[in-house]
Amino acid sequence: MKGASPQELAPQEFEFETLNLQVGVRLQLVTHRRVKPVSYFSSLIGYLKDEYIIVKIPLENGNPIGLTEGERVTIRVFSGVNVCSFACSVERVFGRPLFYVHLSFPTSIQGTSLRGAMRVRTELPARVRSTATPELAPIDCTLANISVTGARIDSPFPFPRGEEKLALQFTVAIPAANQEMRIDTLALVRNATIDESAAGQGEIYRYGVQFLDLDPMHATVLQNMTYEALLADRMKIV
C-alpha cells in the first residue's frame, strides 16, 4: 500500500455536532508545557454546547495530572473514520474526589480522514492466538508494518489452518507520555504468502490482516504513530 500524499493528509473543518461524541468516549488530552507536547488519556463526561465541555482529569502513575485555569490544551478524539482535534483552555478544575475539568467549548475543529490509511514499517513483537481453539499455544510473531486498519505479520510458524479470524496482541510505545499501551484486537486474515527467511533459516509465513472492532483510542494511538513516522522519516512509510 502506498503512503498517503500530503494532500491526503490535509485536515478538514468539522462541526462539533458531526463528531457525535457520546458520554464516556475515550479521548486524548494534550498539554503544551514542554518543548514537546505530552498526551494523556481521558474520557468525556459531558458538554453544554457553545459553553464548555467536561472531561476526566487524566492520571499519571495513578495520580491526577496538575492542570491550571487558563492553561491551553488540545483534545484529540476518534470519530467514525476521522481523527479530530481542537484547542481548548482550562476554565475550572474540580479536584478530589471528582477529578474532572471544565474546558472551553471548541471554536474550530480539524479532522483527518483515516481512509487510505498509511502503513509504516515496524518490528513490533506480537502474539497470535486461535479464536476457534483458544487453548492452543499462542504464536509469537512480528508486525512488519502497521496502519490503523491492519498490519502485515511475519511468523516463523503457520497460523491455525482454516481460521480467518484470530486474536492479536501487541504493545506500542507512546514516547511523549513515556508509556506503553497494550492492544488486543481481532484480526481477519486477508492474504498469506510463504517466503524464505533472509538468514536462510527456514520459511517465513507472511499474513496481511485487517483489524476488527479496534478500540477507538487504540485507533487514535496508531494514527498518531503513523503521523510521527511520516514527520520523522518518510522511508518508514510503506
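A donor-acceptor pair shorter than 3.5 Å can be found between the side chains of Gln110 and Glu13. Using a 3.5 Å distance cut-off with no hydrogens or angles, the side chains of Thr220 and Gln28 do not pair a donor with an acceptor.
Glu164 pairs by the side-chain hydrogen bond (donor to acceptor under 3.5 Å, both in side chains) definition with nothing, not counting sequence neighbours. In this structure, Phe157 has no ring pair (Phe, Tyr, Trp, His ring centres under 6.0 Å) partners at least two apart in sequence or on a different chain. For the ring pair (Phe, Tyr, Trp, His ring centres under 6.0 Å) test, residues two or more places apart in sequence or in another chain that qualify with Phe159 are Tyr207.
Annotation: side-chain hydrogen bond (donor to acceptor under 3.5 Å, both in side chains) contacts involving residues 84-99, sequence neighbours excluded, comprise Ser89-Ser104.
Within a 6.0 Å radius of CD in Glu123, other residues, nucleotides and ligands contribute 12 heavy atoms or fewer. With a 6.0 Å radius and a threshold of 12 heavy atoms from other residues, nucleotides or ligands, Tyr47 has its OH atom at or below the threshold.
Grouping the Ile, Leu, Val, Met, Phe, Trp and Tyr side chains by contacts below 4.5 angstrom, directly or via other members, places Ile194 with Val209.
Hydrophobic cluster membership for Tyr100: Ile45, Leu48, Tyr52, Ile54, Phe94, Leu98 (Ile, Leu, Val, Met, Phe, Trp, Tyr linked by side-chain heavy atoms under 4.5 Å, directly or transitively). Other members of the cluster containing Leu212 are Leu186, Leu188, with ILVMFWY side chains joined at under 4.5 Å, either directly or via other members.
Between Val73 and the choices Val101, Leu29, Val30, the side-chain contact (heavy atoms from CB on, under 4.5 Å) rule is met once, by Leu29.
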